[in-house]
Amino acid sequence: MPIQKKELVRLLSYNPEWAETGLCVVSELGEIFGSCAVEIRHIGSTAVPGLKSRPIIDIAVGVRSFDDIPQFFPRLSELSYNHRSESDTENQIFITALKKRYNVYIHVVIHGKTLWNSYIAFCECLQSDEDVRLKYEELKEALASRFANDRRSYTIGKSDFVRRILRTKCDIRERSCGAVVWKKRGGRRHYLIIQNRSGHNGFPKGHMEYGETEAQTALREILEETSLSVELDTSFRAEYRYLVDGYIHKSALYFLANYSEGDFRPQKGEVFGIWLLPYEEALEQLDYEQDRRVLKMAEKKLSQLDSEKRGK
Ligand code: ATP
């Protein structure tokens with residue numbers, strides 16, 4: 001009996017019908033979303049052969065942008081998919097359906113960003129590492145008997161395990177590109193510093209979308225975050241790495257970019273402030289040593305170019 005009352009937690013032995021249903025849904029969604037979806041995957045426990053699970057088919061749809069998605073709602077609704085807007089978050093659009101008598105949960109997320117990477121990495125780890133799979137099953141069984149009528153506590157109980165596996169067994173890599181943007185004002189070089197949504201001051205940058213080159217990402221992110229159209233100097237490249245949330249190995253690449261016209265405007269919800277500051281003040285505003293190093297490299301290169309010009 002595949003349909004399970006949503007608040008109950010009953011684990012069933014692995015059933016190959018889960019993979020078949022997952023495949024059908026992936027194919028149907030592929031036809032609906034077309035090229036707006038970069039990749040669609042059956043994820044979660046029902047995608048792991050041999051693992052006991054609640055009979056819910058989880059599907060991740062990796063898209064380039066959420067802006068493209070509302071146009072598909074009418075077609076999704078015709079095919080009995082329900083957009084659960086009350087469960088949407090900043091990082092995910094949530095859709096449910098009943099297919100071949102199974103509850104299907106569809107997680108529409110940005111391809112290549114943290115949520116997508118975590119869903120795929122955890123699922124692939126369960127598929128390939130028997131030891132992790134057995135430990136996860138053991139934990140699920142213990143939680144299911146303790147919280148048989150409390151799905152929320154059951155889910156919370158799993159989350160520490162998931163985080164630990166992501167941190168210790170998965171190699172999640174993300175990459176952002178941007179630029180040190182500068183402008184001559186009153187004969188002096190000024191640099192653009194932004195405060196991003198996590199609250200730190202840095203340079204405009206962002207996640208590389210599928211199919212983009214590094215330069216395309218940098219130009220798009222600068223335009224989105226600041227409204228500025230800039231001229232990019234890709235001969236300057238400064239790159240560093242850092243760890244986000246203890247498990248995402250992130251790299252940031254910065255070019256140099258110059259602009260002479262136009263006013264900057266912070267992107268709503270993403271950028272909390274933008275300042276155009278002389279070198280020393282810009283250096284003081286930056287929160288991370290790696291960013292200060294990048295700015296020093298930029299200032300050095302631009303000073304050299306200035307002296308070369310003066311020398312001619
Ligand atoms: P993006 O702008 O690339 O789309 P984002 O806005 O999601 O990314 P990040 O700027 O990567 O986020 O910041 C994510 C977390 O990493 C924040 O907690 C931030 O403070 C921290 N962080 C950012 N830059 C650095 C750095 N150079 N060194 C250490 N931690 C950093």
Side-chain angles (χ1 to χ4, degrees), residues 38 60 62-68 88-93 107-121 163 166-167 170-181 191-228 230 232 234 236-257 264-275 277 279 282-299:
V38 177
V63 299
R64 280 188 189 81
S65 154
F66 288 137
D67 297 344
D68 300 332
D88 284 355
T89 64
E90 191 188 339
N91 300 316
Q92 170 162 271
I93 294 175
H107 311 261
V108 181
V109 299
I110 302 295
H111 189 267
K113 279 194 130 176
T114 303
L115 213 45
W116 171 269
N117 292 337
S118 305
Y119 283 150
I120 301 300
R163 261 198 302 275
L166 286 171
R167 207 172 48 239
C170 303
D171 183 21
I172 297 185
R173 289 169 191 275
E174 293 182 11
R175 185 167 170 77
S176 281
C177 302
V180 179
V181 180
Y191 292 93
L192 205 73
I193 303 297
I194 70 164
Q195 184 178 56
N196 67 25
R197 92 195 130 113
S198 58
H200 76 272
N201 293 341
F203 309 112
K205 67 145 174 40
H207 157 79
M208 280 186 90
E209 288 185 3
Y210 183 79
E212 269 184 337
T213 63
E214 294 163 340
Q216 283 167 339
T217 302
L219 286 170
R220 179 183 50 73
E221 287 289 341
I222 294 165
L223 184 64
E224 285 174 6
E225 294 193 335
T226 70
S227 289
L228 290 172
V230 296
L232 212 59
T234 55
F236 177 93
R237 290 172 69 92
E239 186 161 6
Y240 62 73
R241 287 164 208 286
Y242 54 105
L243 201 61
V244 181
D245 294 339
Y247 70 98
I248 301 157
H249 300 267
K250 184 151 180 183
S251 70
L253 167 69
Y254 295 101
F255 299 113
L256 260 179
F264 49 78
R265 221 178 21 252
Q267 181 184 19
K268 245 185 165 170
E270 288 287 328
V271 176
F272 295 153
I274 307 187
W275 302 271
L277 301 170
Y279 174 65
L283 206 55
E284 244 171 61
Q285 289 305 318
L286 291 169
D287 283 305
Y288 291 109
E289 181 52 34
Q290 282 148 313
D291 282 337
R292 286 193 283 274
R293 215 173 306 139
V294 171
L295 183 59
K296 284 176 192 166
M297 284 169 66
E299 170 73 3

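Just so you know, residue 1 is the first one in the sequence shown, and it goes up from there. One-based numbering, in listed order, for ligands and for the atoms of each.
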Would you please name every residue forming a ring pair (Phe, Tyr, Trp, His ring centres under 6.0 Å) with Phe255, sequence neighbours left out?
none
Give every residue pair that meets the salt bridge (Lys or Arg N to Asp or Glu O under 4.0 Å) criterion with at least one member in residues 199-209, sequence neighbours excluded.
Glu209-Arg220
Sort out the contact shell of ligand 1: every protein residue with a heavy-atom distance below 4.0 Å, listed by chain and number.
Ser176, Asn196, Arg197, Ser198, His200, Lys205, Gly206, His207, Tyr240, Tyr242, Val244, Lys250, Tyr288, Gln290
Could you go through Leu286 and Leu295, starting from their C-alpha distance and side-chain angles, then the distance that decides it, and tell me whether this counts as side chain to side chain contact (heavy atoms under 4.5 Å, CB included)?
CA-CA 9 Å; Leu286 291 169; Leu295 183 59; 3.8 Å; yes
Quick one: list whatever passes salt bridge (charged side-chain N to carboxylate O under 4.0 Å, His left out) with Glu270, sequence neighbours left out.
Arg197
Around Tyr210, counting heavy atoms of other residues, nucleotides and ligands shown, do more than 12 lie under 6.0 Å from its OH?
no
Using 30° and 60° as the class boundaries, would you call the ring planes of Tyr254 and Phe203 parallel, tilted or perpendicular?
perpendicular
